[in-house]
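Owing to the predicted nature of the structure, the values given are computational and were not obtained by experimental measurement. Heavy atoms only: backbone and side chains are in, while hydrogens, waters and symmetry mates are out.
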Amino acid sequence: MMMRIAIAGGGLGGLTLARILHRHGIDTVVYEREADRSTRAQGGMLDLHPESGQQALADAGLTGRFRSEARPEGEEHRILDPAGHVLVHHRPQPGSFSGRPEIDRAALRDLLLDSLPRDTVVWQRRLVAATPRPGGGFGLAFDGGHRADCDVLIGADGARSAARALLTDSPLSPVATHVELRITDADRRHPELAELVGPGNLWCIGVRRTLSAQRLGDGEIRVGISLPADDRLDTYRSTSALLDLFDGWDPRLTALIEAGDGPPIPRLIEVMPTGTRWDHRPGITLIGDAAHLMPPVGEGANQALLDAAELAAALVADPADPDAAIRAYEEAMFARIHPIAEMSARVHAMMLSPTAAQDIVRFFTPRSAA
């Protein structure tokens with residue numbers, strides 16, 4: 001009898017895992033909390049690294065599709081100070097995929113969804129509990145009263161993972177407040193801001209606060225504000241309150257806040273402790289943010305994709321013994337993630353430090369000068 005593999009979470013990691021296993025004749029069911037693929041916006045864009053995100057897509061047989069959707073020009077980035085002076089300007093080689101080309105999260109998710117049989121993803125299934133069965137495997141309970149069974153459960157259900165509770169009680173800690181705004185149809189409605197942001201990323205770094213913007217493939221600009229952690233989120237739902245935080249900054253920069261469509265959307269950024277691991281438990285493991293929630297400095301999605309590729313490879317290599325495969329995956333993942341999580345924590349702390357501009361310039365200059 002084929003093992004029944006359930007993947008909780010239809011994000012990038014869960015879908016990549018399902019795709020690679022499907023290529024090798026191993027069927028899975030992906031349970032996703034959203035009602036369908038278009039229920040909510042998927043966020044901004046991300047850069048896929050050759051050794052992790054791009055490698056995982058190669059394992060999934062999707063390199064061609066990725067290159068047709070990705071934007072190498074989106075790798076361009078500039079770092080400015082509050083007066084609008086350019087501190088760093090990195091321009092990628094035109095048309096080259098040798099670096100870290102950007103792709104919209106929505107485009108990457110659609111690419112992965114389109115690569116799977118239509119019945120792989122079961123929508124509107126948010127996992128709320130998993131109960132071990134006497135003979136092995138788990139009984140799954142979903143919001144709304146739906147139930148299912150599986151032999152192997154893989155938690156890819158993000159920061160608030162329900163599957164994680166079966167393996168570790170590792171706490172989440174707030175490290176920043178992030179506020180997001182959107183500027184749609186920027187080329188037509190705000191051409192001066194479209195020119196300011198350019199085809200990729202713009203970071204404006206002050207003392208313990210950062211104003212950033214990135215251009216999506218459809219012309220939308222995603223604006224982000226990063227501040228020290230503050231659970232009084234209502235404070236940041238007002239455009240005027242945000243502008244007060246950036247008083248004295250170049251008006252060309254604060255115009256990014258003024259141009260936002262709709263009210264600002266604040267949220268706390270939380271992380272798991274660096275070095276989090278758990279004792280192996282038969283029939284269950286975690287990937288992505290469910291396994292190692294890190295600050296958002298460019299590694300989270302890439303490591304989730306690589307988790308998926310490495311777990312899939314282990315299961316494909318030993319399908320008759322999934323527990324051995326899971327154990328091997330976990331040990332390798334823990335060793336790989338620890339230094340990356342430490343680096344991500346350092347970079348994130350640096351970006352909100354009193355000397356952030358100088359520190360970030362030193363961090364980026366070697367890569368920009370290459």
Side-chain angles (χ1 to χ4, degrees), residues 1-40 42 60 109-110 112-169 278-291 293 304-305 307-312 314-316 318-327 329-330:
M1 182 180 297
M2 293 289 291
M3 60 179 168
R4 294 171 296 173
I5 299 178
I7 301 172
L12 301 180
L15 295 175
T16 300
L17 176 60
R19 163 64 183 180
I20 298 175
L21 291 176
H22 172 69
R23 288 191 82 202
H24 293 275
I26 299 176
D27 292 329
T28 63
V29 178
V30 179
Y31 295 104
E32 168 53 37
R33 66 181 179 179
E34 294 173 13
D36 56 49
R37 68 165 69 192
S38 58
T39 296
R40 70 174 181 89
Q42 295 300 309
R109 192 192 195 203
D110 282 345
L112 290 163
L113 284 167
D114 291 343
S115 74
L116 292 167
R118 292 178 64 87
D119 59 353
T120 299
V121 179
V122 181
W123 300 96
Q124 215 162 351
R125 293 291 189 274
R126 180 176 69 86
L127 181 68
V128 294
T131 305
R133 298 181 312 179
F138 296 88
L140 308 178
F142 301 95
D143 187 34
H146 300 282
R147 296 186 175 276
D149 293 318
C150 67
D151 300 312
V152 174
L153 172 61
I154 297 161
D157 46 345
R160 299 288 177 179
S161 170
R164 184 194 297 136
L166 291 166
L167 293 171
T168 175
D169 58 1
W278 55 84
D279 293 333
H280 171 73
R281 180 172 183 173
I284 181 171
T285 193
L286 308 172
I287 66 173
D289 286 348
L293 184 62
L305 293 173
D307 287 349
E310 292 189 349
L311 176 56
L315 289 167
V316 168
D318 197 358
D321 192 351
D323 284 328
I326 288 172
R327 189 187 297 274
Y329 153 75
E330 288 175 341

remark   = Minimal heavy-atom distance between G14 and V30, with the atoms involved, is O-CG2, 4.4 Å
inquiry  = D323: which residues meet the salt bridge (Lys or Arg N to Asp or Glu O under 4.0 Å) condition with it, sequence neighbours left out?
reply    = none
Distance, nearest 0.5 Å, that separates CG of L113 from CG of L15 = 5.0 Å
inquiry  = Please report the interatomic distance OG1(T28) to CZ(R19), rounded to the nearest 0.5 Å.
reply    = 12.0 Å
request  = Identify the two heavy atoms, one from L127 and one from A8, that lie closest to each other, and give their separation to 0.1 Å.
outcome  = CD2-CB, 3.8 Å
query = Rounded to the nearest 0.5 Å, how far apart are CG of D307 and CG of L12?
reply = 12.0 Å
request  = With rounding to the nearest 0.5 Å, note down the distance linking CG in L112 to OG1 in T16.
outcome  = 4.0 Å
task = Quick one: list whatever passes side-chain contact (heavy atoms from CB on, under 4.5 Å) with A141, sequence neighbours left out.
result = V128, A129, R147
Residue list, side-chain contact (heavy atoms from CB on, under 4.5 Å) with E32, at least two apart or on another chain = E34, R109, V121, W123
message = To the closest 0.5 Å, what do you measure between CD (E310) and CG (L17)?
response = 12.0 Å
ask   = Above 12 or not: heavy atoms from other molecules or residues under 6.0 Å from CG of D36?
value = yes
key: Those residues that, when tested against F142, pass ring pair (Phe, Tyr, Trp, His ring centres under 6.0 Å) (two or more places apart)   = Y31
task = Work out which heavy atom in I20 is nearest to a heavy atom in H24; give both atom names and the distance.
result = O-CD2, 3.1 Å
task = With rounding to the nearest 0.5 Å, note down the distance linking CG in L311 to CD1 in I7.
result = 8.5 Å
query = Can you name the salt bridge (Lys or Arg N to Asp or Glu O under 4.0 Å) partners of R23, sequence neighbours left out?
reply = none
Solution key, residues 280-290 side-chain donor-acceptor pairs under 3.5 Å, sequence neighbours excluded:
{"from": "H280", "atom 1": "ND1", "to": "E330", "atom 2": "OE1", "distance (Å)": "3.3"}
{"from": "R281", "atom 1": "NH1", "to": "L166", "atom 2": "O", "distance (Å)": "3.1"}
{"from": "T285", "atom 1": "OG1", "to": "E330", "atom 2": "OE2", "distance (Å)": "2.7"}

ask   = Residues two or more places apart in sequence or in another chain: which of them pass side chain to side chain donor-acceptor pair (under 3.5 Å) with D143?
value = none
request  = Using the test side-chain contact (heavy atoms from CB on, under 4.5 Å), find all partners of A324 that sit at least two apart in sequence or belong to another chain.
outcome  = D318, D321
request  = With sequence neighbours excluded, tell me which residues meet side chain to side chain donor-acceptor pair (under 3.5 Å) with S161.
outcome  = D157
ask   = Excluding sequence neighbours, so at least two apart, what forms salt bridge (Lys or Arg N to Asp or Glu O under 4.0 Å) with R118?
value = none
Residues forming a side chain to side chain donor-acceptor pair (under 3.5 Å) with R33, sequence neighbours excluded = none
message = Among D151, L153, V152, D27, which residue satisfies the side-chain contact (heavy atoms from CB on, under 4.5 Å) criterion with R4?
response = D151
inquiry  = Test of understanding: with side-chain contact (heavy atoms from CB on, under 4.5 Å), list the residues that count as partners of P117, not counting sequence neighbours.
reply    = H22, D119, T120
